[in-house]
Amino acid sequence: MDLDKVIALFTGKNSQELYERHLAAIERLCQSNATGFAIKDLPKVQQILEITLRLLLKGVPGFLQPAVGLIKVLSKPYIKKTATDEFRLLGNISNILACIGQIFTTPGYPVELQLATSEWLWTAAKPPGQSAPRGAD
């Protein structure tokens, strides 16, 4: 999926208020990247997430589940296109982490989104081979 086209849909003069199309685009984005996003694409994904979160805070109906969907896909391992991506593009990873972390510090986000973000945080921080938080089973 062309991330530039998705961003243009959100920011274009003639399409920035076509919320149903935005919702459909986020759903397609999550489906086409169900196994995770490429590290090199994280800045564009971050831009889409930030716009989605702004619309959610603005009270535009329907953006909660797409925001949760984006967070869930972002919890998947990031895909390296080259062996050095995680080192060369470390800034992409740290920037998306900071963006997602704002969900905890910015007032007004729904609890469901904060819970999905907590699950994402657990997934990102868990030791290899551990599948659930201690005491959750």
Side-chain angles (χ1 to χ4, degrees):
M1 178 169 222
D2 187 350
L3 295 173
D4 290 319
K5 287 184 180 180
V6 175
I7 293 168
L9 175 68
F10 276 91
T11 59
K13 180 179 148 188
N14 297 322
S15 61
Q16 64 186 357
E17 293 185 8
L18 299 176
Y19 301 128
E20 292 299 320
R21 290 186 65 195
H22 297 171
L23 296 171
I26 295 169
E27 185 177 327
R28 282 192 315 275
L29 177 64
C30 291
Q31 288 173 352
S32 65
N33 293 281
T35 58
F37 290 107
I39 295 173
K40 71 177 183 66
D41 291 336
L42 289 179
K44 293 177 184 178
V45 173
Q46 178 179 343
Q47 191 174 356
I48 294 166
L49 178 62
E50 288 172 345
I51 294 168
T52 301
L53 293 174
R54 270 197 308 270
L55 291 170
L56 182 62
L57 282 178
K58 193 171 143 182
V60 178
F63 277 88
L64 175 58
Q65 290 309 316
V68 168
L70 275 172
I71 296 295
K72 286 184 178 182
V73 175
L74 282 164
S75 74
K76 307 287 184 189
Y78 301 135
I79 300 168
K80 296 186 294 184
K81 297 294 183 177
T82 65
T84 60
D85 274 0
E86 63 190 335
F87 302 108
R88 287 185 316 107
L89 303 173
L90 186 59
N92 294 1
I93 297 170
S94 62
N95 290 339
I96 197 81
L97 296 176
C99 175
I100 294 171
Q102 290 179 354
I103 292 171
F104 292 120
T105 60
T106 305
Y109 286 118
V111 172
E112 185 177 347
L113 180 62
Q114 292 176 339
L115 288 173
T117 304
S118 296
E119 290 173 15
W120 166 85
L121 184 60
W122 168 253
T123 302
K126 73 180 179 186
Q130 191 169 356
S131 59
R134 291 184 180 110
D137 32 320

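- No donor-acceptor contact under 3.5 angstrom links the side chains of Arg28 and Ser32, judged on distance only.
- For Asp4, the salt bridge (charged side-chain N to carboxylate O under 4.0 Å, His left out) partners are Lys44, not counting sequence neighbours.
- Between Ala67 and Leu56, the shortest heavy-atom distance links the atoms CB-CD2, 4.4 Å.
- Atoms CD1 and CG, on Ile7 and Asp2 in that order, are 9.0 Å from each other to the nearest 0.5 Å.
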### Query
Please walk me through it: do Leu74 and Leu42 pass side-chain contact (heavy atoms from CB on, under 4.5 Å)?
CA-CA 9 Å; Leu74 282 164; Leu42 289 179; 4.0 Å; yes
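- In this structure, Arg88 places its CZ atom where more than 12 heavy-atom neighbours from other residues, nucleotides or ligands lie under 6.0 Å away.
- Listed here is the closest heavy atom pair of Trp120 and Ser75: CD1-CA, 3.2 Å.
- Of the possible polar contacts, one joining the Asn33 side chain to the Leu29 backbone as a donor-acceptor pair under 3.5 Å is found.
- Taking CD1 of Ile96 as the start and CD of Gln47 as the end, the distance is 11.0 Å to the nearest 0.5 Å.
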### Task
For side-chain contact (heavy atoms from CB on, under 4.5 Å), just list the numbers for Thr35 and Val73, CA-CA rounded to whole Å, side-chain angles, deciding distance to a tenth of an Å, and then say yes or no.
CA-CA 7 Å; Thr35 58; Val73 175; over 6 Å; no
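- The side-chain heavy atoms of Leu55 and Phe10, taken from C-beta on, include a pair separated by under 4.5 Å.
- No donor-acceptor pair under 3.5 Å is formed between the side chain of His22 and the backbone N or O of Val6.
- Under the 4.5 Å side-chain heavy-atom criterion for grouping Ile, Leu, Val, Met, Phe, Trp and Tyr, Ile71 is not connected to Leu115 through any hydrophobic cluster.
- Of the candidates Leu57, Leu64, Thr117, Leu57 is the only one forming a side-chain contact (heavy atoms from CB on, under 4.5 Å) with Tyr109.
- Closest heavy-atom contact between Ala38 and Lys81: CB-CE, 3.7 Å.
- Of the possible donor and acceptor atoms, one in the side chain of Asn92 sits under 3.5 Å from a partner among the backbone N and O of Ile39.
- Among all heavy-atom pairs drawn from Leu49 and Cys99, the shortest one is CD2-SG, 3.9 Å.
- Taking CD1 from Ile100 and CD from Gln46, the interatomic distance works out to 8.5 Å, rounded to the nearest 0.5 Å.
- With hydrophobic clusters built from ILVMFWY side chains whose heavy atoms lie under 4.5 angstrom apart, Ile51 does not share a cluster with Leu18.
- Gln65 and Glu112 share a side-chain donor-acceptor pair at under 3.5 Å.
- Applying the side-chain hydrogen bond (donor to acceptor under 3.5 Å, both in side chains) test to Glu119 and every residue at least two apart in sequence or in another chain returns nothing.
- Summarising the local packing, CD of Gln16 is surrounded by more than 12 heavy atoms from other residues, nucleotides or ligands at distances under 6.0 Å.
- Side-chain atoms of Ser15 come within 3.5 Å of backbone atoms of Leu9 as a donor-acceptor pair (strictly under, hydrogens ignored).
- Pairs passing the ring pair (Phe, Tyr, Trp, His ring centres under 6.0 Å) check and including a residue from residues 53-87, sequence neighbours excluded, do not occur.
- Judged purely by atom type and a 3.5 angstrom limit, Ser94 uses its side chain to pair as donor or acceptor with the backbone of Gly91.
- For the atom pair CZ of Phe104 and CD of Gln102, the computed distance is 12.0 Å after rounding to the nearest 0.5 Å.
- Expressed to the nearest 0.5 Å, how far CD1 of Ile48 lies from CD1 of Ile26 amounts to 8.0 Å.
- Once rounded to the nearest 0.5 Å, the distance linking OG1 of Thr84 with CG of Leu89 reads 7.5 Å.
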#### Entry: Pair Asp41-Ile79, side-chain contact (heavy atoms from CB on, under 4.5 Å): steps then yes or no
CA-CA 9 Å; Asp41 291 336; Ile79 300 168; over 6 Å; no
